[in-house]
Every structure is written in C-alpha cells, then in structure tokens.
Amino acid sequence: MKKPGEVFADASVYDPGIEAIVPRYDELHDALLNAPPHDRDRSIRVLELGAGTGELTAKLLTRFPESTVVAVDHSEQMLAEAERKLATFGDRAQLARGAFPDDYPDASGEYDLVVSSLAIHHLDEADKRALFDAVLASLAPGGWFLNADVVRFDAPHLESLAEDMIENWVRAKGWEERDFMDEWEASDDYDDPSTLTDQLVWLRESGFEAVTSIWQYYNFAVYGGAKPA
Ligand SMILES: C[S@@+](CC[C@H](N)C(=O)[O-])C[C@H]1O[C@@H](n2cnc3c(N)ncnc32)[C@H](O)[C@@H]1O
C-alpha cells in the first residue's frame, strides 16, 4: 500500500516518472528556488517538507552552497533514494523520517527558509492550515515559506482543461502505455488540492506577510510568504 505522495510503488522510477507526468517540473522547482531573498553565499538553515527522492533538495543545496537542509518525508523508500542522491553533500543534508503536520515542523524560530514541492496538496484544509501555522512558528523573523504544488480550480471547465493539458504532456513524453501510469492515477485517491486563492488567504490568516503567487502553469503553482521581521 502506497503512502500519500509516493506516486509509484517502486521509488526508483520516481525521477524519470515525475518529469513525464508533471509538466514543467524543473521550471516549477526553478521558480521556487529563484524566490528566496537570501544571498546565495549566506549560510541559511532550510526545512524541506516532503523531500521525496531529494530532487529539490539537491538543487537547493547547489543553488545555496552554504545552506544546510533538514529534509523530511514519511516514506522510507523515498528517503532511501534521497540518501543516495544527497550523499555528495555530506552533513549539509540531514534526512528525517516523519509526517507533517504531526511531527514537523518541530522547531521554533529556527529556519530561514521552509520549502515544499508537490506534497502539501495531500493534506485536507484543516491540516494545511495547521501546517501553515506551524511553519510560521518554525521560521526566524524575516524567513520565507515557499510551496510549489498542485492547486485546484473552482471552475469545472478549467479543471478539464488542466487534465487535458497533463494528458497531452504525458503522451508527448511517450509514457502513456507504461504500466505505472495506472499507479499515478491510483495515487489521486490521496489528493486534496485547494485553490490557490484559498491558500493565499490561509497564509495571511496564519500571520504571513508579502503573501503572493510567483508562478503558475494551469494547476501547478509556486506561492508563499514571509514571517514578519
Ligand atoms: C510527489 S512527491 C514530491 C517529492 C519532491 N518534493 C519533488 O518535488 O519531486 C511527494 C513526497 O511527499 C511525501 N509526503 C506526502 N505527504 C506527506 C506527509 N504528510 N508527511 C511527510 N511526507 C509526506 C511523500 O512520501 C513523497 O515523497
């Protein structure tokens, strides 16, 4: 039985698989990584929620060469892939097994940056709101929270448009016939995306400032906000 967000039963196919089914996956990560206000040479402390195989983690550690990252995930097999990928970064990458919002964030005022990609949309509204509160508490004053994630449209015709766009993307990548496309569809059971607008409001209500959307491509968005300084 897969855990929410594992996507594939075999985590070793995640990296090629996710690029085939999430349009502009690299651009999504880039939009997030371009958004923090911190100088690249500053030694920032980062918490990543739902690190998976460590794709965003590796890009972040490369982009911010003095950063350290605590990379959290509830999936043992995803963390095993991340451990291999991140070994080259030594103790700058610390892997932690646990679930959000129950186990993480577990810090107060500690992080300069909290990031997440393609993971928070598995939580329902109450858990998203609880997570946003806990993320704010875990940030140092002036710290930023940035999330790259699946969002929902309120308009049914835009939801259909987004589905068509993904199907076309998958077909163009040549993965349609692959068995694991069925697995991807089965993982929809765990999805509970919220609208972008709702999440921006919830961030405001949690106490974030400068709340904003930074990038959107159909039902994928990068958004976030800052803890008041
Ligand atoms: C689709 S993957 C995204 C991985 C990576 N962030 C990326 O951009 O490719 C989602 C990850 O979030 C993890 N995840 C989902 N919900 C979680 C939760 N509540 N607590 C901890 N990890 C969670 C899953 O195990 C999975 O590894």
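Order of listing sets the numbers, starting from 1, for every ligand and every atom in it.
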Item to check | Subset of ligand 1 atoms that lie under 4.0 Å from at least one heavy atom of V7 | outcome: 1 (C)
Checklist entry - Do D191 and H122 have side-chain N/O donor and acceptor atoms under 3.5 Å apart? => result yes
Checklist outcome for this item: ligand 1 atoms nearer than 4.0 angstrom to some heavy atom of Y25 are 7 (C), 8 (O), 9 (O)
Checklist entry - atom 15 (C) of ligand 1: which protein heavy atom is closest, and how many Å away? => result P4 O, 3.2 Å
Next on the checklist: Can you tell me if R63 has over 12 outside heavy atoms packed within less than 6.0 Å of its CZ?
Outcome noted: yes
Next on the checklist: With a 3.5 Å distance limit and no angle check, can you tell me whether K227 reaches the backbone of G143 through a side-chain donor-acceptor pair?
Outcome noted: no
Item to check | Protein contact of atom 8 (O) of ligand 1 - nearest heavy atom, named by residue and atom, plus distance | outcome: S117 OG, 2.7 Å
Checklist outcome for this item: The answer for which part of H74 has a heavy atom under 4.0 Å from ligand 1 is both
Item to check | Q199 side chain to Y223 side chain, donor-acceptor N/O pair below 3.5 angstrom | outcome: yes
Checklist entry - Of the protein's non-hydrogen atoms, which lies at the shortest distance from atom 4 (C) of ligand 1, and what is that distance? => result Y14 OH, 3.3 Å
Next on the checklist: Show the atoms of ligand 1 that are less than 4.0 angstrom away from any heavy atom in A119.
Outcome noted: 12 (O)
Item to check | Under-4.0 Å salt bridge between R152 and E159 | outcome: no
Checklist entry - Who's the nearest protein heavy-atom neighbour of atom 19 (N) of ligand 1, and how far? => result F100 O, 2.8 Å
Checklist entry - Stepwise, does the salt bridge (charged side-chain N to carboxylate O under 4.0 Å, His left out) test hold for E55 with K85? => result CA-CA 8 Å; E55 271 298 290; K85 189 179 294 170; 2.7 Å; yes
Next on the checklist: Side chains of D15 and T53: any donor to acceptor distance under 3.5 Å?
Outcome noted: yes
Item to check | Heavy-atom nearest neighbour in the protein, as seen from atom 26 (C) of ligand 1, with distance rounded to 0.1 Å | outcome: G5 O, 3.2 Å
Checklist entry - Can you list the atoms of ligand 1 that are under 4.0 Å from a heavy atom of S75? => result 25 (O)
Checklist entry - Do any nitrogen or oxygen atoms of A99 lie less than 3.5 angstrom from nitrogen or oxygen atoms of ligand 1? => result no
Next on the checklist: Yes or no: does G98 have any heavy atom under 4.0 Å from an atom of ligand 1?
Outcome noted: yes
Next on the checklist: Any donor-acceptor pair under 3.5 Å linking the side-chain atoms of H29 with those of K59?
Outcome noted: yes
Item to check | Carboxylate-amine/guanidinium proximity below 4.0 Å for R129 and E205 | outcome: yes
Next on the checklist: Side chain, backbone, both or neither: which applies to S116 and ligand 1 if a contact is any heavy-atom pair less than 4.0 Å apart?
Outcome noted: neither
Checklist entry - Going by the atom numbers of ligand 1, which of them fall below 4.0 Å from some non-hydrogen atom of G50? => result 4 (C), 5 (C), 6 (N), 11 (C), 12 (O), 13 (C)
Checklist entry - Between K3 and ligand 1, which residue portion shows a heavy-atom distance shorter than 4.0 Å: side chain, backbone, both, or neither? => result neither
Checklist entry - In terms of atom number and element, which parts of ligand 1 are under 4.0 angstrom from non-hydrogen atoms of H29? => result 7 (C), 8 (O)
Item to check | Ring-face cation contact, Y217 with R24, 6.0 Å cut, 45° max | outcome: yes
Item to check | Any N or O of E55 closer than 3.5 Å to N or O of ligand 1 | outcome: no
Checklist entry - Counting heavy atoms only, which of D73, L123, D149, L28 comes nearest to atom 11 (C) of ligand 1? => result D73
Checklist entry - Going from CG on D127 to CD1 on I120, what distance comes out if it is rounded to the nearest 0.5 angstrom? => result 11.0 Å
